[in-house]
Structure formats: C-alpha cells, structure tokens
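Here's the structure, in structure tokens; my notes come after.
Residue numbering restarts at 1 for every chain, and letters A, B, ... go by the order of the sequence lines.
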Amino acid sequence: MAIAKALSVREEVVKERLGLTSNYAAAYAVKSVDVDVIAAYPITPQTTIIEKLAEFVANGEIDAEYIPVESEHSALSAVVGAAATGARVFTATSAQGLEFMHEVLYIASGLRLPIVMAVPGRALSAPISIHGDYQDIMSARDSGWIVMIASSAQEVYDSIIMAYRIAEDSRVLLPVMVSYDGFLMSHTTEPVEIYHEDYVRKFTPRNLNRHRLDPRKPITIGVIASPDWYYEIKYQVINALKESKSMIKEVHDEFNKTFGTNYDIVERYMIDDADYVLITYGGASSGNAKEAAIRAREKGLRAGVLRIRLFRPFPTDEVVNAIKDAKAVAVIDRALSPGNTYEGPVFNDVVSALYSRGIDKPIISVIHGISQRTMLVDDFYNLYKTLDEYARTGEYPRKTIFMGLRGGEA
Amino acid sequence: MKMYFRTIKDLPLDEYYGPGQLTCAGCGPSIAVRWLLKAAGSDVIVVNATGCIEVTTTSYPYTAWSVPYLHVAFENSAAAASGVESALKVLRRKGILDTKAKVMVIAGDGGTYDIGLQALSGMLERGHGVLYVLYDNEAYMNTGIQRSGGTPHFAWTTTSPVGSKLRGKVQRKKDIMSIVIGHHIPYAATANIAYPIDLANKVKTALDYLDEGPAFIHVLAPCPPGWRYPEEMTVEIARLATETGYFPLYEWDHGRIRFNPPSNAHFDKSRRKPIIEYLKRQGRFAHLTEEDIKEIEKEIDEYWDYLARLAKAFG
Ligand SMILES: Cc1ncc(C[n+]2csc(CCOP(=O)(O)OP(=O)(O)O)c2C)c(N)n1
Ligand code: SF4
Ligand SMILES: [Mg+2]
C-alpha cells in the first residue's frame, strides 16, 4: 500500500529521468531551487558542478548572479555577503579549496547564515592527490556546519533540495554541506529523476524573514565579542546545531511525503537482526558493504550495514539503536585523524556515542579507500568474517586497522 | 568630481557614525568614517574589514553604525562586498527586494595593500558596483603598529624597528593607486581627512558611478599612537602630508587624471612645503638622519615626476 502510494507520488512529481553524474545532479538541484547568487572557484573533482551552473546561467536557465571569484576564500566570503543580504546562495569546492575556505567556514556558522555548499570529497595535500576520500570534510567537521554525506546521484540531488529547506528554516539558520565521493560519484553517471520545478519551489519557500542587511532596518552583522559574551554566542551555535536534528528529521519526513522517497538521517541495511555491522558513509564504501553483507548472509552470517547520512549533527541515538544488539561492529573511515588513539575519525564519533549510552562491545576502526585506493567487496566480506571471529573469541584489536596498506603496518 | 558640497555647511547634519565608539582620541580613521558616512547618506550597506575601525565600533552588544554593517574577516571585504552587491542586483531584478542601496567597503591599509589585495583585485576585475574606501593609517594598528605595504620608507613600526643595523622600514610605500588604476575602473581618487569637502565630493561622485563599475578612494588617515604624535595634531599632520607633496590629492576619472587643490599646484616643487615639516612632527621618523630625509625628498620628487608624466599622458 505504502509502496503503491509512493509510486503514484513519484509519477506526479518526476519530470524526467536523466543520466547524471553526482556533480551534475548537484547542479540540477541548485537550478531547481531558484538560487540567487552562486560564487565558486574550480578544483577537481568539484569543477563540473560549477561548469554546469555557468552553462545554466549563460543560457538563461537560471536567473542568478554567478560570481567567478579569484579564490575559494572569496567564494565563501561572497556567498556570506550575499546570504547576509537575503539572497539564496550556493557554492561548491573540494579538498584544498575547502581548506582555503576554512577561516570563513566558522564565520558562516557563527553569523548563522543559510548557505548551501556541495563538497565532493577529496584527499588533502601533501602529497597532492586529486583522488577521492573524506579528509577534507573531516577537517571541517568542527566548523558548526550541518553536514550530509550522500551515496548516490539521486541522493545528492534530493539532499541539496532538502539542504535549502533546512538551512533557511528560522529555527535552524545554519550553513549546510552536502558531500559525496569525489570521482566515484562526482564523475560517475547514474540515472537521476528530476522533479517538476513547481514541486521543488513549493518545498523550498524563501525565508526573507531573517536577519539581513537592509537600510530600512539597519543592523550590525559580524561584531566583536568580549570574553563576557563570546561563550554564550558560540553556545547558541552549538545548541542550534544540536537542535537542528529534529528539524532535519522533519524536513526528511516532509520530503519523503512530497517526493515519494524514503530517506532517513541514517540508512539501515539489513540491520534489524544483524550480529555484525559495518558502519560506512558515502557511496563506494556503503555500496561495497551492502554487497558484502548479502554475501555474508548467504554464508550464514547475520550481516548488516549502517550508513551515516547525516554526519553533523551526529545521529547518536540512531547509531546506538542500530548497533546496540550487534555482536561486533567495524567503522570504515575514508579519512584520517593522525595522532589520535584511533585514527578513524567517525570511529571516534561512534565510540563516544556508544559510551554516552553506557554500551561497550567489540568495535574496530578500519581505514580504507584513502586517496581512492581500490576497495574490494572481498575486503568488506572478510571484515564480516573477522568480526565473527572477534565476537567468538572476545579478542579484537585495540588499534586502527589500515586495510590494504602495502608493506603492512609499522 | 562633481561639486555636491561647497562648504562645510553643505554637509548633512545627519550622523550615521555614533559617538561612544572606542577609537583612540584623535583617531584619523574615525574622522574619515564620519565624513564618509555623512556623504554617503542612509541608503548604503557598509562592509568593513577587520582592523581598528571594526574592533572599536562593534563591541557587542553595542554598535556605532546606523547603516547596515557587515564584517566578515580581514582579507575578504572586497569578496564579501561582491556578494552583497550581486545579491542586491539579482533580488532587485527578480522583484524580491525594492532597493537602491549602494555598497561601500571600508578597509585599512593592511586589509588592502597586503592580505586583501587579491580579493580587491578580483572585485575590481569582475566589475562589481562597489565603492572601496581604503583608510590608510600606514600600518597594522589594530595589532599594535606593525609595518604594512602602505608603511612609508624609513618609518618606525614594531616590525620595522630602529636598530643598530636596520633603521625603520627598509622598503618604500606601495603605489596602491597605480595598481587599482591598472584595473581600468571608472573612478579612483585619493583623499585626506584634512580636506573633508574634497573627500565628501569624491564619495558622492564615486557612488554615482557605481552603476558602471567599481570605484576606489584612498584616504590618508593619521594615527596618533602609531605615528607617535600628540592626538590634537591629527588634522594638522594630515594636511601637511598633502601640503608637502607626500600625499597628493588627485582623481582618475574614466581614464583621465585630474589634480585637486592644493596638489594641482604642486608640480612646481617650490609650492610644496619642505618635507621636514611633515616628518619632524612624528615620532616614527624621529631617528631619521639628514641623508634619510634627503632620500625621502628624492623619492617624493620621483613620484611627482611619475605623476607629471601621467598628467601629460592622461590629463
Ligand atoms: C587572517 C588574519 N591574519 C591576521 C589577523 C590579525 N589582524 C587583525 S587586524 C590586523 C591589522 C589591520 O591592519 P589594517 O588593515 O591596516 O587596519 P588598522 O588596524 O590599521 O585599522 C591584523 C594583522 C587577522 N584578523 N586575520
Ligand atoms: S590605533 Fe590609531 S587607527 Fe587605531 S583606533 Fe587608535 S588612533 Fe585610530
Ligand atoms: Mg592600518
């Protein structure tokens, strides 16, 4: 019944089915929301998003000001200025570009500006690598932005539409990053269903009823705060991000209803009865993990995958609920947190989520797919087998496993 | 430059820059901002770079600004202003906002000559209709008087100290006006807080040109603690900067250069006051030898020579 309803909703809202890379899907989403100001600077693997948008603007398909800035620092600064003036804005970057924006990331959230940015994830220099992983995102995770990580081109398209609704909600007013695999998604063509613009526009109404630069009602934005004030103002951002989770869920529910989709802030794949769970984010890791879970189940292992779709604010309850009954868990990180007890950044998040609920269980930190190093389904399948062993013996490594590292770990 | 104001009495009584802000007594940049805002009126959005003016006027929960004001960071005010201007343009076009507001950047020499030069160049090259005002107090004052690309030759600062081997700033002041003019924007001008009518007219003229593209005004604004002189001398010292030919007043208007009084008479060196009159009042030049002063004089002569050639070609 639910499926039939979703199908008929889909029939109504979907305008066309196109073959799009995730980058093009991002551009199509931006086109559909009546964006006002786009400012961006090219970097692999983000470039094709902003090329597509430039094309849309040049052809009059988007009525927006496109600011071809001279750097990423200026890209984010320009959209900060535009958002503070009341415009709906977009920017996109990867890796070095996100690092170059770093200073302004904190300013964007501190000023509570609804900015949407797409970030196909990429490895950070040095050595320079144009290939995909999530080091850039992880290095920006404490900047007070809402961060979503998508796993398909369709999800990129849908998430960016949701991002506008979330960012501009007067109860939220925070910038949102939508990330996904550099190359493996940014440059891979998949079928994407594009919606009729009316539906998208209705879903993303403008919110001009927010603080903005207006000579008729002059306000001062971007003040200096003494130690007497800084702490409380910063706490408001912390709190807004925390509180945003329920609004984000609300937007997901409404999006699902409007567009006949089935998104949640985490994706549970064969989780309900799973003994062994791989926690992943992004496209390639999650896809491989799902394949491996199917194979593991064929071999009699109760395997499941938990994909983290909303990364900030972290979906603590959803993660804990999904794995609390599992016998053993592995968190696959495509990013590094050098010098930490465990080098997998999301592993550390998962462990603190478990700790906060008083749960202790075999859980391992696995690094894989750094700079797009090939990840095989076999690798993930073998992880399920190892988890089985760990659960049986109760013995498991208390340090991060660097999967596929040539020469082994030191 | 159009003459909107002829005497000080023509300037509006309205104040958009509130009292009680925290600049030092005799702050030149503060005087500059007051005149700027008077000339610009209420329909303006200010984008301010990190620096003395920003930290002294926006101490939460107070503000000195009664026009809309945005501060983002130190090096990006031109980029943020590009965004504000683009937003106004498109929201106007879409019928979402009904506004004629103009955009004005106010940034220091550090935020302009040095760390913000890239963003400024980008904004000028892209042709945003923004008036960029550089208030030049010739050093990073907010962080405690460090040298910038705008600090003059030989001047003492905390990072160009007077030591036994090096005596003050080793390099000459960067010619920011030539850099800006190289972008072929409609209007660029120098101004000085000691000449408020000239300054106000230049602001109005610049704002009128913004439909065509960017405008730039370089305002000299002395700083008592940074230049080491008594605070009641600010305007006098500023005036001497122009009277000695150190800081000439001129405009670059659609490819033509025009010199404003009193600088229009200063191609004739005998009409300029001796540079020593300017230098001797400032502690930052207290260590200068006769030779150093000669060197400065030579540099000013060279600069006038360069300006004369510009005037000949583009006058
Ligand atoms: C990226 C960055 N680097 C350094 C600083 C520290 N800083 C703040 S204001 C300032 C100097 C400002 O100098 P200027 O632009 O000349 O303005 P003034 O203080 O003289 O008014 C510096 C170095 C900063 N805020 N941001
Ligand atoms: S240090 Fe100089 S520029 Fe800064 S507030 Fe004081 S007088 Fe003004
Ligand atoms: Mg300065």
Side-chain angles (χ1 to χ4, degrees), chain A residues 34-39 41 57 62-89 91 101 103-104 106-108 110-111 113 115 206 208 211-226 228-230 232-233, chain B residues 16 22 41-48 50 54-91 93-94 96-103 116 118-123 125-126 128 130:
Chain A
D34 191 22
V35 69
D36 300 316
V37 175
I38 299 162
Y41 191 81
V57 173
I62 299 185
D63 183 6
E65 286 296 306
Y66 186 103
I67 315 179
V69 279
E70 79 301 327
S71 74
E72 289 87 354
H73 196 283
S74 286
L76 190 52
S77 303
V79 296
V80 161
T85 313
R88 177 167 283 182
V89 301
T91 186
M101 284 181 181
E103 179 192 26
V104 192
Y106 288 73
I107 296 171
L111 298 184
L113 292 172
I115 292 166
R206 253 169 214 288
L208 278 173
H211 62 291
R212 62 187 165 86
L213 300 164
D214 177 2
R216 269 163 288 205
K217 241 169 78 189
I219 58 166
T220 293
I221 304 180
V223 301
I224 183 164
S226 70
D228 264 353
W229 291 103
Y230 181 90
E232 282 70 25
I233 296 172
Chain B
Y16 301 99
L22 305 169
S42 63
D43 210 9
V44 67
I45 294 173
V46 167
V47 182
N48 188 197
T50 310
E54 169 261 332
V55 301
T56 53
T57 59
T58 67
S59 191
Y60 186 84
Y62 305 106
T63 181
W65 302 85
S66 51
V67 291
Y69 169 99
L70 174 69
H71 160 253
V72 186
F74 184 23
E75 66 281 54
N76 61 356
S77 48
S82 301
V84 174
E85 183 255 3
S86 300
L88 290 173
K89 206 154 130 191
V90 61
L91 293 174
R93 184 167 74 227
K94 290 183 177 180
I96 294 167
L97 288 186
D98 172 26
T99 168
K100 291 196 172 67
K102 308 265 188 186
V103 186
Q118 172 181 315
L120 170 62
S121 175
M123 183 195 95
E125 182 262 336
R126 293 188 302 269
H128 296 276
V130 171

TODO: Heavy-atom distances under 4.5 Å only: say whether A:Val69 touches chain B with side chain, backbone, both or neither.
DONE: both
Task: Among the listed options A:Lys217, A:Arg216, A:Arg88, the residue most often paired with chain B at heavy-atom distances under 4.5 Å - done: A:Arg216
Task: B:Lys94 side chain to A:Asp63 backbone, donor-acceptor under 3.5 Å - done: yes
Open item on the list: Shorter than 4.5 Å, heavy atoms on both sides: which option in B:Ala79, B:Pro68, B:Ala101, B:Ala119 has the most such pairs with chain A?
Closed with: B:Pro68
Open item on the list: At a 4.5 Å cut-off on heavy atoms, which part of B:Val55 comes close to chain A: side chain, backbone, both, or neither?
Closed with: both
- [ ] Quick one: which of A:Leu208, A:Asp228, A:Val223, A:Val89 has the most heavy-atom pairs under 4.5 Å with chain B, could you say?
- [x] A:Val223
TODO: Select one option (side chain, backbone, both, neither) describing which atoms of A:Asp214 are under 4.5 Å from chain B's heavy atoms.
DONE: backbone
- [ ] Report the option among B:Ala64, B:Ser42, B:Ala78, B:Pro61 that has the most heavy-atom pairs separated by less than 4.5 Å from atoms of chain A.
- [x] B:Pro61
Task: Test item: B:Leu91 and A:Arg206 side chains (from C-beta on) under 4.5 Å apart, heavy atoms - done: yes
Task: Shortest non-hydrogen contact from A:Ile67 toward B:Ser82 - done: CD1-O, 3.8 Å
Task: Which atom of B:Ala87 lies closest to which atom of A:Thr85, heavy atoms considered - done: CB-CB, 3.7 Å
Task: Part of A:Ala39 lying under 4.5 Å from any heavy atom of chain B - done: neither
TODO: In sequence, state the C-alpha distance, the side-chain angles, and the governing distance for A:Glu65 and B:Arg93, and then conclude on side chain to side chain contact (heavy atoms under 4.5 Å, CB included).
DONE: CA-CA 10 Å; A:Glu65 286 296 306; B:Arg93 184 167 74 227; 2.7 Å; yes
Task: Interatomic spacing from CD1 in A:Ile107 to NE2 in B:His71 - rounded to 0.5 Å - done: 7.0 Å
Open item on the list: Distance check, rounded to the nearest 0.5 Å: A:Ile219 atom CD1 versus B:Leu70 atom CG?
Closed with: 9.5 Å
Open item on the list: To the nearest 0.5 Å, what is the distance between CG on B:Leu97 and CG on A:Asp36?
Closed with: 9.0 Å
Open item on the list: Any heavy-atom pair between the side chains of A:Pro215 and B:Ile45 that's under 4.5 Å?
Closed with: yes
Task: Structural part of A:Thr220 lying under 4.5 Å from a heavy atom of chain B - done: both
- [ ] To the nearest 0.5 Å, tell me how far B:Leu22 CG sits from A:Ile224 CD1.
- [x] 9.5 Å
- [ ] Answer with side chain, backbone, both or neither: which region of B:Ser59 has an atom nearer than 4.5 Å to a non-hydrogen atom of chain A?
- [x] both
For residues 71-78 of chain A, dump all side-chain donor-acceptor pairs below 3.5 Å to protein atoms at least two apart in sequence or in another chain.
from, atom 1, to, atom 2, distance (Å)
A:Ser71, OG, A:His73, N, 3.3
A:Ser71, OG, A:Ser74, N, 3.0
A:Ser71, OG, B:Gln118, NE2, 3.4
A:His73, NE2, A:Glu103, OE1, 2.6
A:His73, NE2, B:Glu75, OE2, 3.1
A:Ser74, OG, A:Glu70, OE2, 2.4
A:Ser77, OG, A:His73, O, 2.6
A:Ser77, OG, B:Asn76, ND2, 2.7

- [ ] Could I get the full list of ring-ring contact (aromatic ring centres under 6.0 Å, His included) partners for B:Tyr60, not counting sequence neighbours?
- [x] A:Trp229
Task: Heavy-atom pair count under 4.5 Å with chain A, highest-scoring of B:Trp65, B:Tyr62, B:Tyr69 - done: B:Tyr69
TODO: Select one option (side chain, backbone, both, neither) describing which atoms of B:Ser66 are under 4.5 Å from chain A's heavy atoms.
DONE: backbone
